[in-house]
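Any value given below was found using the heavy atoms of this structure, including those in side chains, with hydrogens, waters and symmetry copies removed. Quantities reported herein were computed from a predicted structural model and do not represent experimental measurements.
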Amino acid sequence: MWSKIQQNGQIIFTVTAATTAALALAGCAAGQGAPEGWRYLKAGEVAVAHPKNWHEVRSGAELRGPAGRIDAGLTVSARAGSAGSPARADAVPASARSETLDFDGRAGRVFSFAQPEPGPTGRPASHVEVRFRDTRDRTVIVRAWAADGAADPLVLREIVNSIEFS
C-alpha cells in the first residue's frame, strides 16, 4: 500500500513494510523457474520469464492496461562493463533494499525499491533491478517494474526467480 506525502513542495511516495517485504522475500534463491504458463524472453545467454498476459516488445515485455497504458515492464540488457554500474546514474535510489543472490553459480545483486513509474503519469510503482555477469563476463541488468495495483505484488520476485542461463 502506498501513501503520498508532500514535503517542501515535492510529492514523495512511500510504501508500507508489508509491500516491501513481499517484494524482497529475503533468502529466496534465483533460478527456481517460472510459474506455469509464463513465457521466457531470451537475451543472449540469459532467459527471463514474464506473465503470459505481458506482450513482448523490442525492448523486453510490457503489461498493457486500459487505453493501451503501460502498467508494467521488463527489460534485459547485456554489455561489457562493471556490474556495479547501472545503465542510468539514477536507476537505483539510495533507499533501495539490496540483497545478494546466486544465479547459476554467479553472485548477483538484487535491488528492490519504490518510486514513480517510468511513464508519463508518474503513478506509484514497485521496481526491481538485478545485476550480475554472464558466462562471457558481460554485465547483465534485468529491470522490472509494476504500477501499484496493476499486477500481483509478487510478480517482480517471480521474474527474479525465473532468471536462468540458456
Side-chain angles (χ1 to χ4, degrees), residues 2 13 15 19-20 22-25 28-81 83 85-93 96-99 101-104 106 108-136 138-166:
W2 285 84
F13 293 99
V15 67
T19 302
T20 302
L23 290 173
L25 288 175
C28 289
Q32 297 173 347
E36 191 171 325
W38 281 34
R39 297 180 188 150
Y40 272 92
L41 173 68
K42 296 192 186 238
E45 60 189 48
V46 176
V48 182
H50 59 83
K52 63 184 174 185
N53 62 333
W54 291 31
H55 302 280
E56 290 187 14
V57 295
R58 184 176 176 186
S59 61
E62 301 173 336
L63 172 65
R64 295 238 174 224
R69 169 179 79 184
I70 299 172
D71 285 338
L74 166 67
T75 60
V76 183
S77 64
R79 66 180 193 290
S85 301
R88 299 183 325 260
D90 63 343
V92 176
R97 183 184 187 291
S98 174
E99 63 183 305
L101 292 179
D102 181 77
F103 295 91
D104 286 343
R106 291 166 188 79
R109 300 289 295 174
V110 179
F111 300 92
S112 302
F113 53 98
Q115 71 180 25
E117 55 127 339
T121 63
R123 295 174 295 166
S126 298
H127 298 254
V128 65
E129 182 170 308
V130 182
R131 302 176 193 167
F132 58 95
R133 291 193 174 274
D134 67 12
T135 59
R136 292 190 269 171
R138 294 181 306 171
T139 299
V140 176
I141 299 176
V142 177
R143 288 190 176 111
W145 66 274
D148 255 16
D152 182 315
L154 296 178
V155 74
L156 298 181
R157 177 48 68 176
E158 295 289 357
I159 289 170
V160 172
N161 288 344
S162 78
I163 297 171
E164 59 186 42
F165 290 91
S166 53

Minimum heavy-atom separation for [X] and [Y], please, with both atom names.
X	Y	answer
Ala78	Asp134	CB-OD2, 4.5 Å
Thr75	Ser59	CG2-O, 3.3 Å
Val155	Trp38	CG2-CH2, 3.6 Å
Leu156	Ser126	CD1-O, 3.4 Å
Val110	Arg157	CG1-NH2, 4.4 Å
Val76	Ala43	CG1-CB, 3.6 Å

**Study point:** Qualifying residues under salt bridge (Lys or Arg N to Asp or Glu O under 4.0 Å), relative to Glu158, sequence neighbours excluded
**Key:** none
Within the structure provided, determine whether [X] and [Y] are in side-chain contact (heavy-atom separation under 4.5 Å).
X	Y	answer
Arg138	Arg79	no
Glu45	Arg136	yes
Val130	Phe103	yes
Tyr40	Val48	no
Val140	Val142	yes
Trp145	Asp71	no
His127	Phe111	no

Practice item. Output, in order, the C-alpha distance, side-chain angles, deciding distance and verdict of side-chain contact (heavy atoms from CB on, under 4.5 Å) for Val128 and Val160. Key: CA-CA 8 Å; Val128 65; Val160 172; 3.7 Å; yes
Point to revise | Ile70 CD1 to Arg64 CZ distance, which is reported to the nearest 0.5 Å | key: 4.0 Å
**Study point:** Glu129 side, atom CD; Ser112 side, atom OG - distance, nearest 0.5 Å
**Key:** 10.5 Å
Review point. So Lys52 and Glu36, side-chain contact (heavy atoms from CB on, under 4.5 Å) or not? Walk me through it.
Key: CA-CA 9 Å; Lys52 63 184 174 185; Glu36 191 171 325; over 6 Å; no
Practice item. May I ask you to say whether Glu56 pairs ionically with Arg39, meaning some side-chain N is under 4.0 Å from a carboxylate O? Key: no
Point to revise | Sidechain N-carboxylate O distance under 4.0 Å for Arg106, Asp104 | key: no
Point to revise | Residues His50 and Glu62: side-chain donor-acceptor under 3.5 angstrom | key: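 Absent: no donor and acceptor within the cut-off.
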Review point. Would you call the rings of Phe132 and Phe165 parallel, tilted or perpendicular, where under 30° means parallel and over 60° means perpendicular?
Key: perpendicular
Check your understanding: Between the main-chain N or O of Ala34 and the side-chain N or O of Ser162, is there a donor-acceptor pair closer than 3.5 Å?
Key ->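 Checked: no pair found.
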